[in-house]
Protein chains: 2
Amino acid sequence: MAQHLIRKLEHFVRLSPEDKQALEEAARRNVRVFGAHQDIISEGDSPEHVNLILEGWACRYKQLEDGRRQIISFFVPGDLCDPHVFVLREMDHSIGTITPVRLAEISRDVLLNLTDRYPRITKALWWEMLVTTAIQREWTVNLGQRTALERIGHLLCELFIRLRTVGLTEGDSCLLPVTQVELGDATGLSNVHVISRAAGVAEQGADRPEGQAPDHSGPGGASAGVAVQRELPAP
Amino acid sequence: MAQHLIRKLEHFVRLSPEDKQALEEAARRNVRVFGAHQDIISEGDSPEHVNLILEGWACRYKQLEDGRRQIISFFVPGDLCDPHVFVLREMDHSIGTITPVRLAEISRDVLLNLTDRYPRITKALWWEMLVTTAIQREWTVNLGQRTALERIGHLLCELFIRLRTVGLTEGDSCLLPVTQVELGDATGLSNVHVISRAAGVAEQGADRPEGQAPDHSGPGGASAGVAVQRELPAP
DNA sequence: CGCCCAGTTGAGAGTGATCAAAAATTGTGG
DNA sequence: CCACAATTTTTGATCACTCTCAACTGGGCG
């Protein structure tokens with residue numbers, strides 16, 4: 001159930017069988033399923049639990065009055081949607097699905113219990129949180145300084161590396177179940193412009209295995225050549 | 001010494017005299033002074049302590065290989081530069097001064113001691129951290145979706161409200177010791193473009209007391225009319 | 001007094017947005 | 001399994017916001 005989260009955390013901390021067992025148990029209760037393009041929690045709602053993505057993609061986003069939408073981050077399997085929401089009265093942003101999603105709702109008590117009794121888990125969750133905020137900083141740089149081509153390239157590299165961390169890549173390929181509108185909302189570009197630039201990334205990617213987008217995604221390491229395909233070929 | 005931090009935290013949690021005393025003491029040791037435009041800590045360095053800004057402005061920034069620079073956030077008096085840096089081996093970004101800065105270096109031990117013994121301080125620091133990340137999210141929206149005019153307007157409102165929270169405004173005025181290059185680095189705009197847009201904000205601000213920039217800075221409240229002047233008139 | 005940095009102004013260039021419409025893909029119900 | 005509907009992708013043309021370059025002004029400081 002929680003294999004993606006465990007795999008990710010083990011990049012930071014070695015977990016004992018008991019640690020893993022505890023995580024598995026926390027992820028087993030209160031599993032919920034959402035369809036594609038549904039809100040998991042909306043701006044203004046009061047957060048009741050931490051959500052652990054088990055399967056599917058989601059995103060954090062904010063919408064302006066006139067309809068403009070900014071995707072603030074993506075969630076892939078193994079990701080936790082803010083381990084600290086409890087402190088806040090209400091959400092200042094929404095979390096919505098991209099694909100159908102299966103997630104585990106982890107209550108405040110279960111989480112506190114977990115961190116009280118398993119110090120390695122606590123440490124790993126700290127790491128995970130700090131990496132998440134580092135990615136957030138990188139998005140700020142991405143949106144503020146990089147050209148359209150660089151933005152898309154950087155985002156694709158980030159997502160590939162994150163998926164590799166949880167074991168969801170296959171060689172140099174991975175699923176990317178994201179529409180061009182969503183890529184545009186994440187990169188601050190128009191949906192129409194995404195294609196011309198994304199095509200550019202694909203072309204340059206074929207020529208230059210190292211990619212031209214500088215890799216600052218923190219603890220992920222070097223950005224290898226990324227071949228993205230919409231769907232993995234059926235076996 | 002720590003009056004700005006205390007004033008800010010009291011917006012979230014009521015602090016007892018002992019709480020305040022403890023904060024004052026933590027801020028009294030290891031005070032350091034920096035000149036303008038100096039690095040407090042650089043990318044790649046290993047963080048040794050948490051920095052509490054006592055006086056002056058600083059910023060968190062990241063620099064690309066070709067010289068492009070993105071300011072990721074501003075620090076004003078009362079701000080803590082990441083209470084959790086200890087978990088990380090090395091900085092993925094730099095923190096530099098804008099004006100001359102006086103800050104208190106708070107060691108890991110002192111901070112842990114503080115949070116162990118004063119639960120209200122712990123709670124307040126959690127709040128402070130969550131508000132900081134909410135501001136970070138808002139910057140993502142700012143850079144991704146808003147026009148130059150809106151970006152500058154929103155940033156000015158954010159800074160004004162943050163300064164008001166720590167008591168550094170005077171009526172509708174506040175100091176803004178930031179050059180246009182720095183405003184540009186923070187908003188993803190060119191320094192040349194900042195003036196035409198900033199002038200626009202000033203004009204519209206004069207006409208519309210409510211300001212045209214939507215206020216999402218979280219717990220700050222409504223964005224009143226902001227009159228910004230470079231220097232406060234001498235008394 | 002002169003230098004240097006910050007701010008200002010103007011003109012031209014380019015990246016990316018917008019609008020519109022066709023083509024391709026995916027999903028759904030019979 | 002096919003046909004139809006809906007969504008997504010692709011292409012083309014035009015527009016405009018913002019950038020870049022360059023020159024000039026003004027104030028602070030050695």
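Letters A, B, ... are given to chains in the order of the sequence lines, protein chains preceding strands, and every chain is numbered from 1.
Taken over five-pair windows at either terminus, the axes of the helix from C/dC1-D/dG30 to C/dG30-D/dC1 are inclined to one another by 50° (rounded to 10 degrees).
With hydrogens and angles disregarded, no donor-acceptor distance shorter than 3.5 Å links the side chain of A/Ser42 to the backbone of A/Ser94. Distance alone, capped at 3.5 Å, places no donor-acceptor pair between the A/Arg146 side chain and the A/Arg151 backbone. For the pair B/Gln145 (side chain) and A/Arg69 (backbone), a donor-acceptor distance under 3.5 Å is present.
Residue B/Gly184 is out of contact with every strand shown, counting any heavy-atom pair closer than 4.0 Å.
Across the protein-nucleic acid pair, B/Glu182 atom CD and C/dA6 atom P stand 8 Å apart, rounded to whole Å. Separating the CZ atom of A/Arg151 from the P atom of C/dA17 is a distance of 8 Å, rounded to the nearest angstrom. Regarding B/His193, its NE2 atom lies at a distance of 14 Å from the C1' atom of C/dT9, rounded to whole Å. Per the geometry, CD belonging to A/Gln145 stands 10 Å off P belonging to D/dT20, to the nearest Å. Atoms CZ (A/Arg146) and C1' (D/dT18) sit 20 Å apart, rounded to a whole Å. Atom CD1 in B/Ile98 sits about 15 Å away from atom C1' in C/dA6, given to the nearest Å. Spacing between atom CG of B/Leu183 and atom C1' of C/dT8 amounts to 15 Å, rounded to whole angstrom units. Computed from coordinates, the A/Asn191 CG to D/dT7 P distance equals 15 Å when rounded to whole Å.
Between the side chains of B/Thr140 and A/Gln70, not a single donor N or O lies within less than 3.5 Å of an accepting N or O.
Counting heavy-atom neighbours within 6.0 Å of B/Arg68 CZ, excluding the residue itself, gives a total above 12.
Closest to the side chain of A/Ser190, out of C/dG16, D/dC19, C/dA17, is C/dA17. Checked against C/dT8, C/dG7, C/dG16, the side chain of B/Ile195 finds its nearest nucleotide in C/dT8.
The line from CG of B/Leu5 to NZ of B/Lys8 is 6.5 Å long, rounded to the nearest 0.5 Å.
Note on A/Gln180: every side-chain N or O is 4.0 Å or more away from OP1 and OP2 of D/dT7.
Both A/Gly188 and B/His37 lie close to DNA chain C; mapped to their nearest nucleotides by heavy-atom distance, the more 5′-ward contact belongs to B/His37. Of the residues near DNA chain C, A/Thr147 and A/Val192, the one whose nearest nucleotide (by heavy atom distance) lies more toward the 5' end is A/Thr147.
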Using atom types as modelled, flag every donor-acceptor pair under 3.5 Å from a side chain in residues 96-105 of chain B to any protein atom, sequence neighbours excluded.
| from | atom 1 | to | atom 2 | distance (Å) |
| --- | --- | --- | --- | --- |
| B/Thr97 | OG1 | B/Gly35 | O | 2.7 |
| B/Thr97 | OG1 | B/His37 | N | 2.9 |
| B/Thr97 | OG1 | B/Gln38 | N | 2.8 |
| B/Thr97 | OG1 | B/Gln38 | O | 3.3 |
| B/Thr99 | OG1 | B/Trp57 | N | 2.9 |
| B/Arg102 | NE | B/Glu55 | OE1 | 3.1 |
| B/Arg102 | NH2 | B/Glu55 | OE1 | 3.2 |
| B/Glu105 | OE1 | B/His49 | NE2 | 3.2 |
| B/Glu105 | OE2 | B/Arg32 | NH1 | 2.9 |

